[in-house]
Amino acid sequence: MQLIDRLGAMIGRRHTAAAIAGWAMVLLSTSAMAQSINGRWIDEENHTIEVSESDPQYGGYRGYYSTGPHSGKLALQVRPFGTHGYKGVRTLYPARGGTFSRAVGTVFAQGGNRLELRNCISNPCHLETWRRPTVQAVDRKAIVPIDPNSKMRLPGSKHGCTVYLDPNGSGQRWDAFVTIPRAIATKRTYKKLYNAASAWDRRISSLKCEASSRVDCYIAIYSGANRSGDNAMLYGRMGLVNLVQYGWDDRIRSLEVFCSRK
């Protein structure tokens with residue numbers, strides 16, 4: 001009843017009655033215990049949904065849209081059900097306004113990278129699948145070691161990447177550069193690690209690395225400080241990158257810039 005009362009306040013009594021009347025849920029199972037569904041998900045319309053544990057009184061999870069036309073609105077509210085998964089409500093927002101809630105059963109598959117939401121209000125049952133954002137892992141073998149003794153004593157020119165607080169290269173900017181000595185003509189790669197200052201920590205939304213006829217740069221981004229956590233590699237040839245496209249908006253805590261002459 002507690003969940004029903006909350007739903008009534010959330011979507012309106014006239015919608016709640018229709019939703020409750022149709023609740024018929026089917027749950028699948030991949031393990032004996034339900035797995036955590038914390039974190040970021042991408043739905044079938046490529047909208048991002050952030051799921052986190054809700055207050056202890058509810059004892060479940062809530063997910064909110066973080067991108068798309070319904071950013072900030074509730075997308076999912078579930079709690080553990082038996083030993084199989086989670087049971088609750090998926091909230092839909094039609095393009096013409098209003099809300100329509102439907103009951104769903106949720107279960108993990110594919111090692112936690114896919115979330116299946118089964119709705120059996122209609123016949124036949126409808127299966128909706130969410131996925132985790134995927135990023136390209138950093139290839140450590142491609143990084144050339146640097147001799148700091150030869151690099152630091154020579155004058156050089158600065159090259160690298162520029163990061164921005166807002167999408168599309170807008171807002172405040174921060175130049176993350178390395179110095180390539182002018183006196184060295186080899187194709188050696190130079191790199192520099194940056195930990196984001198408090199004003200930039202988990203606030204970067206877009207970036208661009210240099211890719212010219214003379215210099216090629218790329219950047220490794222990390223979700224934790226000092227090259228820790230999740231990571232991905234982005235290249236200058238990609239041009240201006242909006243990080244939301246790769247599931248990295250407002251996630252970067254440290255970054256490493258690599259540049260070399262062509």
Side-chain angles (χ1 to χ4, degrees), residues 3 6-7 10-12 15-16 18-31 34-54 58 60-81 84-137 167-168 205-206 223 230 232 234 238 241-251:
L3 175 60
R6 287 173 177 267
L7 291 174
M10 180 175 64
I11 63 176
H15 297 297
T16 305
I20 296 171
W23 279 24
M25 302 183 185
V26 176
L27 296 182
L28 305 179
S29 176
T30 58
S31 64
Q35 300 182 48
S36 169
I37 59 174
N38 264 340
R40 184 168 295 183
W41 294 96
I42 307 295
D43 69 8
E44 293 180 344
E45 296 180 347
N46 289 322
H47 297 148
T48 303
I49 297 168
E50 299 281 354
V51 176
S52 60
E53 292 187 56
S54 58
Y58 176 70
Y61 294 84
R62 290 192 178 97
Y64 293 86
Y65 287 102
S66 59
T67 64
H70 308 297
S71 180
K73 294 182 180 179
L74 184 71
L76 183 77
Q77 179 171 286
V78 295
R79 62 174 57 177
F81 179 73
H84 300 302
Y86 296 89
K87 181 179 181 180
V89 170
R90 166 85 163 101
T91 306
L92 303 180
Y93 295 92
R96 295 186 178 180
T99 65
F100 171 74
S101 291
R102 64 179 181 182
V104 298
T106 64
V107 61
F108 263 88
Q110 303 294 325
N113 291 323
R114 188 176 71 182
L115 187 63
E116 295 180 348
L117 296 83
R118 184 175 295 274
N119 162 33
C120 288
I121 291 179
S122 59
N123 189 15
C125 296
H126 171 74
L127 180 64
E128 182 180 2
T129 302
W130 293 0
R131 68 186 189 278
R132 289 287 193 190
T134 56
V135 295
Q136 183 178 0
N168 301 313
S205 293
S206 58
S223 62
D230 296 335
L234 301 169
M238 299 169 67
V241 175
N242 284 314
L243 294 171
V244 68
Q245 296 176 333
Y246 300 93
W248 274 89
D249 188 32
D250 293 341
R251 291 187 62 196

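Starting from 1, each residue takes its place in the sequence as its number.
A 4.5 Å side-chain heavy-atom check between Leu243 and Arg251 finds every atom pair outside the cut-off. Residues Pro69 and His47 are in side-chain contact: their nearest non-hydrogen atoms beyond the backbone lie under 4.5 Å apart. By the 4.5 Å heavy-atom criterion applied to side chains, Ile49 and Leu76 are not counted as neighbours.
A donor-acceptor contact shorter than 3.5 Å links the side chain of Arg40 to the backbone of Gly247. In this structure, the side chain of Thr48 does not engage the main chain of Thr67 through any donor-acceptor pair within 3.5 Å. The main-chain N or O of Asp230 is found under 3.5 Å from a side-chain atom of Ser223 such that the two form a donor-acceptor pair. When atom types are taken as modelled, the side chain of Asn242 and the backbone of Asn168 share a donor-acceptor pair closer than 3.5 angstrom.
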| request: Please assess Leu115 against Val51 for the test side-chain contact (heavy atoms from CB on, under 4.5 Å), listing each intermediate value before the final yes or no. | output: CA-CA 12 Å; Leu115 187 63; Val51 176; 5.9 Å; no
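One finds the OH atom of Tyr65 at 7.0 Å from the CD atom of Glu45 (value rounded to the nearest 0.5 Å). From Glu116, atom CD reaches atom CD of Glu128 across 11.0 Å, with rounding to the nearest 0.5 Å. The distance from the CG atom of Asp250 to the OG atom of Ser66 is 9.5 Å, given to the nearest 0.5 Å. Interatomic distance, Gln77 CD to Tyr64 OH, rounded to the nearest 0.5 Å: 7.0 Å. Annotation: the span from Leu234 atom CG to Tyr246 atom OH amounts to 7.0 Å, rounded to 0.5 Å. Expressed to the nearest 0.5 Å, how far CZ of Arg79 lies from OG of Ser54 amounts to 8.0 Å.
When all heavy atoms of Ser205 and Asp249 are compared, the pair lying nearest together is OG-OD1, 2.7 Å. Among all heavy-atom pairs drawn from Glu53 and Asn38, the shortest one is N-OD1, 3.1 Å.
The cationic atom of Arg131 (NZ for Lys, CZ for Arg) does not lie both less than 6.0 Å from the six-membered ring centre of Trp41 and within 45° of the ring axis.
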